[in-house]
Amino acid sequence: MSNCRRTAAEMVSPGRGILAADESIKTMSSRLEKVGIAPTADARRAYREMLVTTPGIAEGISGIIFCDETLNQQLSDGRPFAQATREAGMLPGVKVDTGAKPLAGRPGETITEGLDGLSARLAGYAAQGAAFAKWRAVLRITDDLPSTTAIRANAHALARYAAACQEAGLVPIVEPEVLMDGDHTLRRCAEVTARVHAAVMAELAAFGVDMAGVVLKPNMVVEGADHPHRATPEEVAEATVDVLRALPGDLAGVAFLSGGQDPARATANLAAIQLHHTPWPLTFSFGRALVDPALTAWAASGRSTVAGQEALADRVAANSAAVRPRELQATA
């Protein structure tokens, strides 16, 4: 088994998910300001140190995605974040795209950038101890979007990124996110998500990407945030798994993003999805659905490490339980 395949298997190991703590400097600073904390580099570092050092977190988290800033920072004890993450029993990863920008010729749509110089950056991250990387494509649903052009452009970029990752010895997390924004139906989300997945898989195959060394990070199939009817967890699970059945059987695993769902709903949907049989592991790679409660508790308590870690541990435990195989649940 190649190194990428071994790492990918560890990332989706039973009962464990991936923590997305890779907010950009701008996004993280905005979140700190909203909870009354000055958005300094040290505040961002301290917040993420609180996450990494949560006692027992590795029982439910296999890896943590950081941004470039964090991977280049150190904990208060002087250890680099990648080293501290590994010593805590988790794999360190890094977001390597540079964000979604307007797609020329397609008003209202975006293309994720960051391919220029990517191979050199990936080699540097691997030397720092990173085990995997992440690239996020963003696609919006309206009556006539996303266009075929936007889907193809983003799928192509994801595949180029994934191929470069594997050449550098890093597992690519491939994240084609169909946004919840809008009033679309569950069925419309399923149609668009299926089109996006088909395009991404075709491009990955064209670039010779080893699917057994890839973790897919898709959206769940849910209705738009402004739709008047909220689907049940069972409806979300059935629609989501129906779309996923077209994926290749040798894919390492699927780690769902939360996509703006509130923490309780994301966990309920995850648990319902887990009840369906698939040829690859199903787990989570949540950001806000895991860390929002921790950030709120950390800020409200005057940056108390204990308060923040207790809130994070609660959400990790809930989601770990949601993806734990039945045989493990019986012995827990």
Side-chain angles (χ1 to χ4, degrees), residues 1-12 18 20-24 62-72 80-82 85-86 91-101 103-104 110-139 149-177 196-218 247-248 250-255 257 280 285:
M1 183 186 293
S2 71
N3 183 59
C4 282
R5 289 187 174 194
R6 286 191 295 270
T7 301
E10 183 176 349
M11 290 167 65
V12 294
I18 301 163
D22 58 344
E23 302 95 334
S24 66
S62 61
I64 303 181
I65 314 170
F66 298 112
C67 65
D68 177 86
E69 179 189 50
T70 308
L71 203 67
N72 284 289
F81 266 84
T85 302
R86 286 185 181 274
L91 296 168
V94 58
K95 176 185 176 182
V96 299
D97 69 70
T98 57
K101 306 296 192 301
L103 178 60
T110 62
I111 179 68
T112 299
E113 298 184 346
L115 291 172
D116 289 348
L118 179 59
S119 293
R121 289 193 289 124
L122 291 172
Y125 291 135
Q128 288 177 274
F132 64 93
K134 191 199 87 168
W135 181 288
R136 174 179 179 248
V138 183
L139 295 146
T149 300
I151 292 174
R152 287 178 176 173
N154 279 286
H156 182 79
L158 279 167
R160 288 182 59 189
Y161 142 80
C165 280
Q166 292 189 340
E167 287 184 354
L170 300 177
V171 170
I173 291 182
V174 173
E175 181 177 353
E177 179 177 4
V196 170
H197 287 186
V200 171
M201 294 304 127
E203 290 289 344
L204 290 171
F207 278 86
V209 175
D210 178 12
M211 296 305 297
V214 170
V215 174
L216 182 69
K217 182 174 177 175
L247 297 177
D250 57 346
L251 178 68
V254 174
L257 57 88
W280 3 257
S285 178

Could you check whether any side-chain heavy atom of [X] comes within less than 4.5 Å of a side-chain heavy atom of [Y], counting everything from C-beta outward?
X	Y	answer
Val254	Pro218	yes
Leu115	Trp135	yes
Lys134	Val171	no
Lys217	Ile65	yes
Ile173	Phe132	yes
Trp280	Leu216	no
Pro176	Val196	yes
Val174	Leu158	yes

To the nearest 0.5 Å, what is the distance between [atom1] ([X]) and [atom2] ([Y])?
X	Y	atom1	atom2	answer
Asp22	Thr70	CG	OG1	9.0 Å
Leu247	Leu204	CG	CG	10.5 Å
Glu175	Asn154	CD	CG	11.5 Å
Arg86	Phe81	CZ	CZ	15.5 Å
Met201	Met211	CE	CE	4.5 Å
Glu69	Ser24	CD	OG	10.0 Å

Next on the checklist: As a quick check of understanding, evaluate side-chain contact (heavy atoms from CB on, under 4.5 Å) for Val94 and Val96, giving each step before the final call.
Outcome noted: CA-CA 6 Å; Val94 58; Val96 299; 3.9 Å; yes
Do you know the tightest heavy-atom contact between [X] and [Y]?
X	Y	value
Ala150	Leu103	CA-CD2, 3.7 Å
Gly114	Arg121	O-NH2, 2.6 Å
Ala130	Leu170	O-CD2, 3.2 Å
Ala252	Val12	O-CG2, 3.5 Å
Gly213	Pro172	O-CD, 3.2 Å
Ala133	Leu122	CB-CD2, 4.3 Å

Checklist entry - Yes or no on side-chain contact (heavy atoms from CB on, under 4.5 Å) for Ile18 and Met11, after CA distance, side-chain angles and deciding distance? => result CA-CA 7 Å; Ile18 301 163; Met11 290 167 65; 3.9 Å; yes
Checklist entry - Should we count CZ of Arg160 as having more than 12 external heavy atoms under 6.0 Å? => result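 No, because the 6.0 Å sphere around CZ of Arg160 holds 12 heavy atoms or fewer from other groups.
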Item to check | Chi angles and distances behind the salt bridge (charged side-chain N to carboxylate O under 4.0 Å, His left out) call for Asp97, Arg136 | outcome: CA-CA 7 Å; Asp97 69 70; Arg136 174 179 179 248; over 6 Å; no
Checklist entry - Going through the checks in order, is the side-chain contact (heavy atoms from CB on, under 4.5 Å) test met by Ser62 and Leu91? => result CA-CA 6 Å; Ser62 61; Leu91 296 168; 5.7 Å; no
Checklist entry - What do the steps show when you test Leu139 against Glu177 for side-chain contact (heavy atoms from CB on, under 4.5 Å), and what is the final call? => result CA-CA 6 Å; Leu139 295 146; Glu177 179 177 4; over 6 Å; no
